[in-house]
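Right, one structure below, let's go through it.
Since we're looking at a predicted model, the values are computed, not measured.
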Amino acid sequence: MKTLQEITDQMESTKSEINRILLENEKSTTSAVKLIHNLKEIDNRKLYCDQGYSSLFAYCVQELGYSESNAYRRIQACRLSSKVEEVMP
């Protein structure tokens, strides 16, 4: 299974490939940690722009179907994990 970190910037990052990786993470037992890591990768590389979204928030709400409050919480966790290493295992 390919991870978002394995997708190079030169590769065609298709919407379906990114969404498939995120949805697979939702089903696993460590889904929260994987989801945060993947959102951080999407945010750092601005992969949401490649899909036509102006922000990670818009991508999470419109493409992934999260409610606004769920999208906000996940994005905050993602950005906090970038600042504080102890947050993520």
Side-chain angles (χ1 to χ4, degrees):
M1 175 175 69
K2 189 179 285 189
T3 65
L4 284 176
Q5 289 79 10
E6 295 170 328
I7 297 174
T8 65
D9 291 332
Q10 292 78 29
M11 291 176 68
E12 180 72 25
S13 299
T14 64
K15 183 187 296 190
S16 61
E17 185 175 7
I18 293 171
N19 289 349
R20 181 190 54 76
I21 292 169
L22 290 174
L23 291 174
E24 284 176 359
N25 289 340
E26 287 283 338
K27 297 176 184 175
S28 73
T29 56
T30 57
S31 63
V33 172
K34 287 182 180 181
L35 176 67
I36 297 303
H37 281 292
N38 284 331
L39 284 179
K40 183 166 48 170
E41 186 74 14
I42 291 169
D43 196 28
N44 289 342
R45 293 172 50 194
K46 303 207 181 308
L47 294 174
Y48 54 83
C49 292
D50 296 342
Q51 307 302 320
Y53 295 97
S54 61
S55 66
L56 182 59
F57 180 80
Y59 175 78
C60 287
V61 171
Q62 296 170 8
E63 183 65 33
L64 300 178
Y66 293 139
S67 68
E68 289 184 359
S69 60
N70 281 337
Y72 177 80
R73 285 192 300 272
R74 286 178 169 98
I75 291 167
Q76 291 304 312
C78 158
R79 292 182 177 157
L80 177 63
S81 74
S82 295
K83 295 177 183 177
V84 182
E85 291 181 22
E86 296 82 31
V87 172
M88 298 302 287

- Task: For Gln76, enumerate each residue passing the side chain to side chain contact (heavy atoms under 4.5 Å, CB included) test, keeping only those at least two apart in sequence or located in another chain.
- Result: Tyr72
- Task: With sequence neighbours left out, write down each residue that passes side chain to side chain contact (heavy atoms under 4.5 Å, CB included) with Asn70, or none if nothing qualifies.
- Result: Tyr66, Ser67, Arg73, Arg74
- Answer yes if the ring centres of Tyr53 and Tyr48 are under 6.0 angstrom apart, and no otherwise. no
- To the nearest 0.5 Å, tell me how far Lys46 NZ sits from Ser55 OG. 10.0 Å
- Message: Measuring from atom CG of Asp43 to atom CD1 of Ile36, what distance do you get when rounded to the nearest 0.5 angstrom?
- Response: 11.0 Å
- Message: Could you check whether any side-chain heavy atom of Arg79 comes within less than 4.5 Å of a side-chain heavy atom of Ile75, counting everything from C-beta outward?
- Response: yes
- Task: Indicate yes or no: at least one non-hydrogen side-chain atom of Cys60 is less than 4.5 angstrom from one of Leu39.
- Result: yes
- Note on the structure: Minimal heavy-atom distance between Val61 and Ala71, with the atoms involved, is CG2-CB, 3.7 Å
- Give the minimum heavy-atom separation between Phe57 and Glu68, together with the two atoms involved. CE1-O, 3.5 Å
